[in-house]
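These notes concern the structure reproduced below.
Hydrogens, waters and symmetry mates play no part in the numbers below; they use all other heavy atoms, side chains included. Please read these numbers as outputs of a predicted model, since none were measured by experiment.
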Amino acid sequence: MRAVQIKSTGMAVPQRVVPNSYFNEILGEDVDSWLRENVEIYERRWLDPDQGVASLCLAAAEQAMQRAELNNTEVQLLIIATDTPEFISPSTASVIQHRLGLENCATFDVNTACAGFVSALDTASKYLKSDEQYRNALVIGCYGMSKYLNLQDKKTVTLFADGAGAVTLSAEEPGSSDMLATLQTTQGQYYDWMGIYSGATKEPVSAEIVANNDQYLKFVKRFPTELNPQMWSSIAQELCKRAGIPVSEVRMFFMTQININSIRGMLDILELPHDRAITIMHKYGYTGSAAIPMALNLAVEQNLIKRGDPILLIGSGGGLAFAGALMRY
């Protein structure tokens with residue numbers, strides 16, 4: 001099989017900055033103190049009312065392609081990971097393929113919620129490894145969850161935000177691939193604990209749905225606090241075992257960013273210092289399937305990782321879906 005490498009990264013966020021003080025005003029109580037002390041979110045970015053996620057995908061993709069020095073004829077595969085697409089149908093990937101002018105490019109969307117980017121990265125790498133018609137791939141994670149938030153629901157409105165992150169992947173001649181080990185798994189018993197449960201075939205949006213605010217994201221049940229740290233640490237140990245790399249040698253972890261305490265809990269289980277994981281929720285809130293590629297982009301820009309460093313990407317999202325990728329940057 002051919003070797004697969006990350007060539008470049010990119011990201012984009014909306015211009016609108018929403019500080020915690022905004023929620024103090026609309027909810028009529030001090031939520032800023034709780035957010036700062038418990039989840040360390042200070043502000044986030046939201047799309048404008050007339051803006052969709054495609055605009056963020058386009059900006060992140062253009063940056064990644066420019067950095068990789070790829071033109072519109074050199075990308076053969078585009079995968080977009082999102083559960084907040086531009087449209088229910090057609091795919092957001094088809095929109096971006098057209099706007100980028102990508103010629104002879106296969107496209108599709110992946111929806112494993114907030115695990116989506118790592119799922120898409122795994123999928124793209126397998127295309128590149130096994131099929132010689134694909135040489136370069138563009139993988140984008142995007143999130144526009146502000147469009148699905150009930151402004152009076154304190155449990156969701158203060159956490160979720162918008163953004164996009166992109167990477168380009170390239171296939172080289174047979175050799176040592178930078179993609180060392182991957183894993184995807186699902187615990188479907190949690191499918192009805194959190195989600196957007198209207199707008200599709202089960203419950204199309206109706207006047208009754210809107211009247212009851214049922215078109216918005218909802219936390220239905222509280223997830224066990226230990227679930228993510230235990231699953232993430234287990235995935236990390238399994239992937240490192242497969243690749244023959246001690247967990248202690250992983251230079252940096254890129255995790256789902258919904259709860260900083262879950263990230264620290266995972267690192268505690270692995271007996272690693274907290275600075276092994278970059279965290280971006282402080283300025284950007286929780287950006288779902290965009291969080292991991294955004295964090296990766298910032299780590300690259302800040303020279304926190306260098307070529308050849310082992311890195312671990314682990315995402316989890318509604319479903320519950322889990323995806324992990326151990327690779328050399």
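Note: Ser146 OG to Asp162 CG = 3.5 Å, rounded to the nearest 0.5 Å. Put simply, OG1 on Thr107 and CG on Leu77 are 8.5 Å apart, with the number rounded to the nearest 0.5 Å. Here the CG-OG1 distance, from Asp109 to Thr92, works out to 4.5 Å after rounding to the nearest 0.5 Å. Atom CE of Met145 sits about 8.5 Å away from atom OH of Tyr286, to the nearest 0.5 Å. For the atom pair OG1 of Thr182 and CG of Leu121, the computed distance is 9.0 Å after rounding to the nearest 0.5 Å.
A salt bridge links Glu301 with Arg67: the closest approach of a Lys/Arg side-chain nitrogen to an acidic carboxylate oxygen falls below 4.0 angstrom. In this structure, Lys129 does not pair ionically with Glu172, as no charged nitrogen and carboxylate oxygen lie closer than 4.0 Å. The pair Arg36-Asp32 meets the salt-bridge criterion, since a charged nitrogen lies less than 4.0 angstrom from a carboxylate oxygen. Between Glu43 and Arg16 there is no salt bridge, since no side-chain nitrogen of the basic residue lies less than 4.0 Å from a carboxylate oxygen of the acidic one.
Side-chain contact check for Gln133 and Asp131: at least one donor-acceptor pair (N or O, by modelled atom type) lies under 3.5 Å. Counting only N and O atoms by type, the side chains of Ser170 and Asn136 include a donor and acceptor under 3.5 Å apart. When only modelled atom types and interatomic distance are considered, Ser119 and Asp122 share no side-chain donor-acceptor pair under 3.5 Å. Asn228 and Ser262 share no side-chain donor-acceptor pair at under 3.5 Å. Counted by atom type alone, Asp153 and Thr156 present one or more donor-acceptor pairs between their side chains at under 3.5 Å.
Scanning both residues, Ala93 and Ile80, for their nearest heavy atoms gives CA-CD1, 3.5 Å. The nearest pair of heavy atoms linking Gly324 to Leu239 is C-CD1, 3.6 Å.
Atom CD of Gln66 is surrounded by 12 or fewer heavy atoms from other residues, nucleotides or ligands within 6.0 Å. By the 6.0 Å contact criterion, NZ on Lys154 is open, its count of non-hydrogen atoms from other residues, nucleotides or ligands being 12 or less. Within a 6.0 Å radius of CD in Gln189, more than 12 heavy atoms belonging to other residues, nucleotides or ligands are found. Other residues, nucleotides and ligands place more than 12 heavy atoms under 6.0 Å from the CD atom of Gln302.
Its side chain within the 4.5 Å cluster rule, Val210 clusters with Val205 among the Ile, Leu, Val, Met, Phe, Trp and Tyr residues.
Under the 6.0 Å distance and 45° angle rule, Arg307 counts as a cation-pi partner of Tyr329.
Using the six-membered ring where Trp is involved, Phe219 and Phe160 have ring planes that are tilted, between 30° and 60° apart.
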Query raised in the report: How far apart are the C-alpha atoms of His274 and Asp268, what are their side-chain angles, what is the distance that settles it, and do they pass the side-chain contact (heavy atoms from CB on, under 4.5 Å) test?
Result: CA-CA 8 Å; His274 291 173; Asp268 289 341; 2.9 Å; yes
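A ring-centre distance under 6.0 Å is not found for Tyr216 and Tyr148. Ring centers of Phe23 and Trp46: under 6.0 Å apart, within the cut-off.
For the pair Val220 and Met194, the minimum side-chain heavy-atom distance is 4.5 Å or more. Residues Thr82 and Asn111 form no side-chain contact, since every pair of their non-hydrogen atoms from C-beta on lies 4.5 Å or further apart. No side-chain heavy atom of Ile245 sits under 4.5 Å from any side-chain heavy atom of Lys241. Inter-residue side-chain proximity for Phe108 and Thr123 is flagged as met; some heavy-atom pair is nearer than 4.5 Å.
Gln63 places a side-chain N or O within donor-acceptor distance of the main-chain N or O of Met11, the cut-off being under 3.5 Å.
In this structure Glu69 satisfies the salt bridge (charged side-chain N to carboxylate O under 4.0 Å, His left out) test with no other residue, sequence neighbours excluded.
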